[in-house]
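The block underneath contains the structure these notes are about, expressed in C-alpha cells.
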Amino acid sequence: MGQLRVRDIMTTQVITLLGTDTVKDATITLAVDNLSGAPVVDDEYHLTGILSESDILDLIMKYENELNMKDPVLHMLTFPMDSVIEDENIRVAAEKISTTKVEDLMQRTVLTTTPDALVIDVLRIMIDKDVNRVPVLEKGVLVGIVTRGDIIFSIYKRKV
C-alpha cells in the first residue's frame, strides 16, 4: 500500500472567490458554505490569493479601533452591517468594510501543493505554518483544496 497522496483526499468542488468580490459578497459565500476561508482565483482559475475569516475580522477591528478613538461607546458589532444604522460614523465604517474588494484584503503569498504530494508532508507544513487550508494546483490551475478536516477525515474513512 502506497503513501496517501493529496489527490486521494482533496476536495475538488472548491468554493472560490474573485478578487473583485466585495467583503460583503465573500462573507455571505463563506457563511452559506460554512467555510472559514477560500481561495481567490481569476477567470481562468489561476490562484491569486486566499481569504480567511481572520482577514475580514482584522479589517473590522481596524475600523473598530478608529471608531473607538472618535467615541469609546461606538462599536462596529452593535448593528448588523446591512441594517439601517443611525450613527453616521458606524454607517460609513460599515459601508467601507462591506465594499472593500477581496483583492485588497486577501493574502497573496499562499502555501500551495500538488495532487501528487504526500499528505504527511503537506500536514507537516500546515502545522508548522499554522495554515488550515492548502490550495492544490496543477499547471498553475486550481484543481482542489486540502484542509485539516480532509486529513482528519481520511484517517478513518477514505473519501468515496
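- Here the closest non-hydrogen pair linking R148 and I127 is NH2-CA, 4.0 Å.
- N89 is linked by a side-chain hydrogen bond (donor to acceptor under 3.5 Å, both in side chains) to nothing, counting only residues two or more places apart in sequence or in another chain.
- Nearest heavy atoms, V136 versus M10: CG1-SD, 3.6 Å.
- Cluster membership for I15 and I28, using ILVMFWY side-chain heavy atoms within less than 4.5 angstrom, is not shared.
- Expressed to the nearest 0.5 Å, how far CG of D21 lies from OG1 of T16 amounts to 8.5 Å.
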(message) What verdict does the side chain to side chain contact (heavy atoms under 4.5 Å, CB included) test give for L51 and I56, after you've listed the backbone C-alpha separation in whole Å, the side-chain angles of each residue and the deciding distance to 0.1 Å?
(response) CA-CA 8 Å; L51 185 78; I56 297 169; 4.0 Å; yes
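- Annotation: salt bridge (charged side-chain N to carboxylate O under 4.0 Å, His left out) contacts of R91 (sequence neighbours excluded): none.
- The two atoms that bring M126 and V146 nearest to each other are CE-O, 4.1 Å, heavy atoms only.
- Take D55 and apply the side-chain hydrogen bond (donor to acceptor under 3.5 Å, both in side chains) test, not counting sequence neighbours, and it matches S52, Q107.
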(request) Begin from the C-alpha positions of N132 and T147 and carry the test side chain to side chain contact (heavy atoms under 4.5 Å, CB included) through to its verdict. (result) CA-CA 6 Å; N132 294 323; T147 66; over 6 Å; no
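- Interatomic distance, E88 CD to E95 CD, rounded to the nearest 0.5 Å: 12.0 Å.
- For A117, the side chain to side chain contact (heavy atoms under 4.5 Å, CB included) criterion is met by V6, T113, T114, V122, not counting sequence neighbours.
- T48 has its side chain within reach of M106: a pair of non-hydrogen atoms, C-beta onward, lies under 4.5 Å apart.
- Taking 4.5 Å as the limit, some side-chain heavy atom of I151 sits within range of a side-chain heavy atom of I9.
- Listed by first and then second residue, the salt bridge (Lys or Arg N to Asp or Glu O under 4.0 Å) pairs involving residues 100-123 are R7-D116, D121-R124 (not counting sequence neighbours).
- Scanning for side-chain hydrogen bond (donor to acceptor under 3.5 Å, both in side chains) contacts around D25 gives T22, with sequence neighbours left out.
- Grouped with V110 in one hydrophobic cluster are V14, L18, V41, Y45, L47, I50, L137, V141, L142, I145, the linkage being side-chain heavy-atom contacts under 4.5 Å among Ile, Leu, Val, Met, Phe, Trp and Tyr residues.
- Evaluation of the side-chain hydrogen bond (donor to acceptor under 3.5 Å, both in side chains) rule for R5 yields no partner, not counting sequence neighbours.
- For residues 28-42, every residue pair satisfying the side-chain hydrogen bond (donor to acceptor under 3.5 Å, both in side chains) rule, not counting sequence neighbours, is listed here: S36-R133.
- In the hydrophobic clustering (ILVMFWY side chains linked at under 4.5 Å, chained through shared members), V92 stands by itself.
- The only option from L59, N65, L67 that meets the side chain to side chain contact (heavy atoms under 4.5 Å, CB included) definition with Y63 turns out to be L59.
- In terms of the salt bridge (charged side-chain N to carboxylate O under 4.0 Å, His left out) criterion, D43 has no residue partners (sequence neighbours excluded).
- A donor atom on one side chain and an acceptor atom on the other are not found under 3.5 Å apart for S154 and D8.
- Residues forming a side chain to side chain contact (heavy atoms under 4.5 Å, CB included) with K139 (at least two apart in sequence, or on another chain): none.
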